[in-house]
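Input: a single structure, listed below in C-alpha cells.
What you are looking at is a predicted structure, and each value in this text was computed from that prediction instead of being measured. Computation of the quantities below employed the complete heavy-atom set of this structure, encompassing side-chain atoms and omitting hydrogens, waters and symmetry-equivalent molecules.
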Amino acid sequence: MCSIMVYCAPEAPLEKFKEGFMRTKYRGPDDSRITDTGKGLFGFHRLAIMGPGPEGMQPFSLNGNYLVCNGEIYGFEKIRKNLEGKYTFRSRSDCEVLLPMYAEYGTDMFAMLDAEFVCVIYDAAADEYVAARDPIGIRPMFYGYDDKGVIVFASEAANLVGITDKIMPFPPGCYYKGGRFYRYADVAKTEKVCTDSFSEVLANIREKLIAGIEKRLVSDAKTGFLLSGGLDSSLVCSVAAKASERPITTFSIGMSEDAIDLKYAREVADYIKSDHREVIISKEDVIDALETVVRITGTFDITTIRASIGMYLVCRAVHRTTDIKVLLTGEISDELFGYKYTDFAPSAEAFQAEAEKRVRELYMYDVLRADRCISANSLEARVPFGDLDFVKYVMSIPPEIKMNIYGKGKYLLRKAFEGDYLPAEILFREKAAFSDAVGHSMVDCLKQYAEGLYSDVEFEEKRAKYSHARPFTKESLLYRELFEKYYPGQGHMICGFWMPNKQWKGCDVDDPSARVLANYGDSGK
C-alpha cells in the first residue's frame, strides 16, 4: 500500500521524523528511504506493486522537483506515451508519470487523473509544497503543524503523534498549495442529472462497473479477493473470474458458531470456480484483536471497529499464508445504491442528500476500514465500486429510480447483473451487515466484554469527559478509551458515530447495526 511522510522545512528534526515514519513500516515492507532534499524530508515505505524493480523506488525527482505518492494511476501507460517525447522514464512505476504531468499541467493535473492516490510535491521553481488526495479519499493522508508552524504530511495519523498537537485528515478531492486548500473535484455532487432510459441505466451500471473491476486487475504482484457472500463482493469476484485466465483466489471469514455468510461465499466460490479459502475465528480471537484494530484504524466509531475486526483477521491470514499482495474488495456500493436504513428515506431528495453525505464521509468510515485493515497486513486495497467514472454516473442517476421502490434494496445493481454472473438466490439475497455476517455472536461478544469493564456509575463518569462524539454505550466508551491511548486528544479526526439518519421515521435507533431496524427481515438468515 505504501506509506509517505513529508516534513516541509529545510531544518526538519530527523530523529523525530524517523520515529514517526517507522510506525507505518508495515504499509511498505519492501523498501524504505528517507531523503533530505535540502528543503525538507521525504519518507517512503514501499509496497512494490507496479514496476517492482529498484528503479521504481521513491521519491522521484525531476529538475529539482521531488515527489512521493501512494497510489494507483489507472491508464498511466497512455499518459506516459503522451509524455515520452519530452521526458525519459526510468521505471515501470505508474507514479513516475506524476512529476512530468506536474511540469506540463501544474495543479490542473489532479482533475485529470483516474486514480486512487495521495501525493506531495516540492516545487523548486516556486519554492513551495503541493499536496493532493483523490476525490473519494481511498488513499489516506493526514497533516498537522509543528510548534514552529511547519506543515507535515503523512499517510497515517500515527506518523504525526508527538510531532503536532492537532492531527487532521487531508480533505478528499482537494489539493494544498501556498498554505491553502483548494477543491478540484466533488464526486458526490452531480452537475448533470442522467436522462438515460431505464434499460440504458442498467447497461451503463453493468459496463462501467465491469470496466472498474478489470482495470484493477492489472498488477505486477499477485491478486486476491475478499468474498463475503453478499452482493457487492460477489459481483467483484464474478466479473474478475470471467476476466481471468485461471481461477481467482477468494477469502472469507466467519465465527465458528454462527457465521451467516460463509455458506453463501462457498456457493459463490463454487459457481465462479475460485480457489476459495475460509478463515474461522473464535470469540477469543475477536477480543485479542480489538486493541490492535483500534490502533491501526485510528477511530472510535462503533460500526467501523466491529467490521474491521473480521476484515483485519482475514487479511492477516492472507498475509501469513500466501504471497498475494493486492486485494479487491466490495466497499462503496451501499453509499451509492442505499443502505437498509435508506429504505426509510422520506423522499427522493432526502435519499440523494443522504447518498451525497455518505460519499463525502467515506474516508472516515468504510474506506478507512478497508485501507487500514489491508495495509496493516502489508497488502494493497483496490476498490472497484470507487471507480470515479462509475461513482459519477451512479450519483447522476435520478434518486426516484435509485431508492427502494421495488421491494428490494440496491435493485438497479442487482437487475444490471441478471444473467450468468451469479446464482439468482445470491444476486437477490438481502445481505447482512458485514460485522453481523461474520457472526451475530461477534457483536454480542464485544458488547458483553464492554459491559463487564464498567459499572453504570463508572460509565457515566468516564463518558462525561468527552464533549465531541460522547460515548453512549459501554461498548463505545471502550473504543474511545482505546483510541485515546494511541491518539490522545485527536477525537476531532472522526466527525462522529456512523448511524442511520435519526431524523427519519424508523431510523431513531440506539445501535448502528442494520440488525436493529424493522426492515432487517431475512438479511440475517
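Side-chain contact check for Arg480 versus Arg470: every heavy-atom pair is 4.5 Å or farther apart. At a threshold of 4.5 Å between non-hydrogen side-chain atoms, the residues Ile324 and His319 do not count as touching. For the pair Pro171 and Phe181, the minimum side-chain heavy-atom distance is below 4.5 Å. At a threshold of 4.5 Å between non-hydrogen side-chain atoms, the residues Asp270 and Glu267 do not count as touching. Residues Phe142 and Asn159 have side chains not in contact (no heavy-atom distance under 4.5 Å, counting atoms from C-beta outward). At a threshold of 4.5 Å between non-hydrogen side-chain atoms, the residues Met395 and Glu356 count as touching. Inter-residue side-chain proximity for Tyr129 and Ile151 is flagged as unmet; no heavy-atom pair is nearer than 4.5 Å. Between Leu379 and Cys315, the closest side-chain pair of non-hydrogen atoms falls below 4.5 Å.
Using a distance-only test at 3.5 Å, with no hydrogens or angles considered, no donor-acceptor pair links the side chain of Asp508 to the main chain of Trp504. Although no hydrogens or angles enter the test, the distance criterion places a donor-acceptor pair under 3.5 Å between the side chain of Arg463 and the main chain of Pro471. In this structure, the side chain of Glu460 does not engage the main chain of Val457 through any donor-acceptor pair within 3.5 Å. Judged purely by atom type and a 3.5 angstrom limit, Ser3 has no side-chain atom pairing as donor or acceptor with the backbone of Arg27.
When ring centroids are compared, Tyr479 and Phe300 stay outside the 6.0 Å threshold. Side-chain rings of His45 and Phe21 approach one another, their centers coming within less than 6.0 Å. The six-membered or imidazole ring of Tyr341 lies near that of Trp498, with a centre-to-centre distance under 6.0 Å. Ring to ring, Phe153 and Tyr176 are close: their centroids are under 6.0 angstrom apart.
Residue-environment remark: NZ (Lys25) exceeds the threshold of 12 foreign heavy atoms within 6.0 Å. In Lys502, the NZ atom is crowded: over 12 heavy atoms of neighbouring residues, nucleotides or ligands sit closer than 6.0 Å. By the 6.0 Å contact criterion, CG on Asp165 is open, its count of non-hydrogen atoms from other residues, nucleotides or ligands being 12 or less. Counting heavy-atom neighbours within 6.0 Å of Lys189 NZ, excluding the residue itself, gives a total of 12 or less. Heavy-atom contacts from other residues, nucleotides or ligands closer than 6.0 Å to CD of Gln503 number 12 or fewer.
For the residue pair Arg369 and Ser308, no side-chain donor N or O sits within less than 3.5 Å of a side-chain acceptor on the partner. Between Asp444 and Ser441, the side chains place no donor N or O within less than 3.5 Å of an acceptor N or O (distance only, hydrogens not considered). Residues Thr250 and His276 bring a donor and an acceptor atom of their side chains to less than 3.5 Å of each other. A donor-acceptor contact closer than 3.5 angstrom links the side chains of Ser282 and Glu284. In summary, the side chains of Glu335 and Tyr339 do present a donor paired with an acceptor at a separation below 3.5 Å, with no hydrogens or angles considered. Under 3.5 Å, the side chains of Tyr466 and Glu484 contain no donor-acceptor pair of N or O atoms.
Shown here for Pro13 and Tyr7, the closest heavy-atom pair between the two residues is CD-CZ, 3.5 Å. Across every non-hydrogen atom of Asp285 and Ile280, the tightest pair is OD2-O, 4.5 Å. When all heavy atoms are compared, the tightest approach of Val279 to Ala317 is CG2-CB, 3.6 Å.
A salt bridge links Glu116 and Arg216; the closest N-O separation between the charged side-chain nitrogens and carboxylate oxygens is under 4.0 Å. Using a 4.0 Å cut-off between a side-chain N of Lys or Arg and a carboxylate O of Asp or Glu, Arg46 and Asp30 do not qualify as a salt bridge. The pair Asp334-Lys410 counts as a salt bridge, with a side-chain nitrogen and a carboxylate oxygen less than 4.0 angstrom apart. Salt-bridge formation is detected for the pair Arg23/Glu19: a Lys NZ or Arg NE/NH1/NH2 atom is positioned less than 4.0 Å from an Asp or Glu carboxylate oxygen. Taking a cutoff of 4.0 Å between a charged side-chain nitrogen and a carboxylate oxygen, Asp456 and Lys474 qualify as a salt bridge. In summary, Glu354 and Arg358 engage in a salt bridge, as defined by a charged side-chain N under 4.0 Å from a carboxylate O.
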Before giving the answer on side-chain hydrogen bond (donor to acceptor under 3.5 Å, both in side chains), spell out for Asn70 and Ser155 the whole-Å C-alpha distance, their side-chain angles and the decisive distance to 0.1 Å.
-> CA-CA 8 Å; Asn70 170 25; Ser155 285; 4.5 Å; no

For Phe17 and Ile34, run side-chain contact (heavy atoms from CB on, under 4.5 Å): C-alpha distance rounded to whole Å, both residues' side-chain angles, the deciding distance at 0.1 Å, then the answer.
-> CA-CA 9 Å; Phe17 182 91; Ile34 295 175; 3.9 Å; yes

Take Thr473 and Glu475 through the test side-chain hydrogen bond (donor to acceptor under 3.5 Å, both in side chains) and record every step on the way to the result.
-> CA-CA 5 Å; Thr473 63; Glu475 181 190 9; 4.7 Å; no

Derivation and outcome, side-chain hydrogen bond (donor to acceptor under 3.5 Å, both in side chains), residues Tyr363 and Asp371 = CA-CA 9 Å; Tyr363 72 101; Asp371 174 85; over 6 Å; no

Can Arg277 and Asp275 be said to form a side-chain contact (heavy atoms from CB on, under 4.5 Å), step by step?
-> CA-CA 7 Å; Arg277 324 278 180 90; Asp275 174 13; 2.8 Å; yes

Under the salt bridge (charged side-chain N to carboxylate O under 4.0 Å, His left out) criterion, do Glu72 and Arg382 qualify, and how do the steps go?
-> CA-CA 9 Å; Glu72 287 296 334; Arg382 294 189 180 178; 3.2 Å; yes

Go through the steps to decide whether Glu481 and Tyr454 satisfy the test side-chain hydrogen bond (donor to acceptor under 3.5 Å, both in side chains), and finish with yes or no.
-> CA-CA 12 Å; Glu481 291 198 323; Tyr454 310 100; 2.8 Å; yes

Please test Asp146 against Lys16 for salt bridge (charged side-chain N to carboxylate O under 4.0 Å, His left out), starting from the C-alpha separation and ending with a verdict.
-> CA-CA 11 Å; Asp146 72 2; Lys16 184 177 284 190; over 6 Å; no

For Phe337 and Tyr411, run ring pair (Phe, Tyr, Trp, His ring centres under 6.0 Å): C-alpha distance rounded to whole Å, both residues' side-chain angles, the deciding distance at 0.1 Å, then the answer.
-> CA-CA 8 Å; Phe337 292 98; Tyr411 181 79; over 10 Å; no

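Considering NZ of Lys263 and OG of Ser252, their distance stands at 13.5 Å, rounded to 0.5 Å. Within the model, atoms CG of Leu47 and CD1 of Ile374 stand 11.5 Å from one another, a figure rounded to the nearest 0.5 Å. Interatomic distance, Thr249 OG1 to Leu227 CG, rounded to the nearest 0.5 Å: 11.5 Å. In this structure, OG1 on Thr299 lies 3.5 Å from CD1 on Ile494, to the nearest 0.5 angstrom. Atom CG of residue Leu478 and atom NZ of residue Lys447 lie 13.5 Å apart, to the nearest 0.5 angstrom. Note that the NZ atom of Lys485 and the CZ atom of Phe483 stand 14.0 Å from one another [nearest 0.5 Å].
A cation-pi arrangement is present between Arg429 and Tyr264 under the rule of less than 6.0 angstrom and at most 45 degrees off the ring axis.
For the side chain to side chain contact (heavy atoms under 4.5 Å, CB included) test with Val187, the passing option among Leu362, Leu388, Asp134 is Leu388; the others fail.
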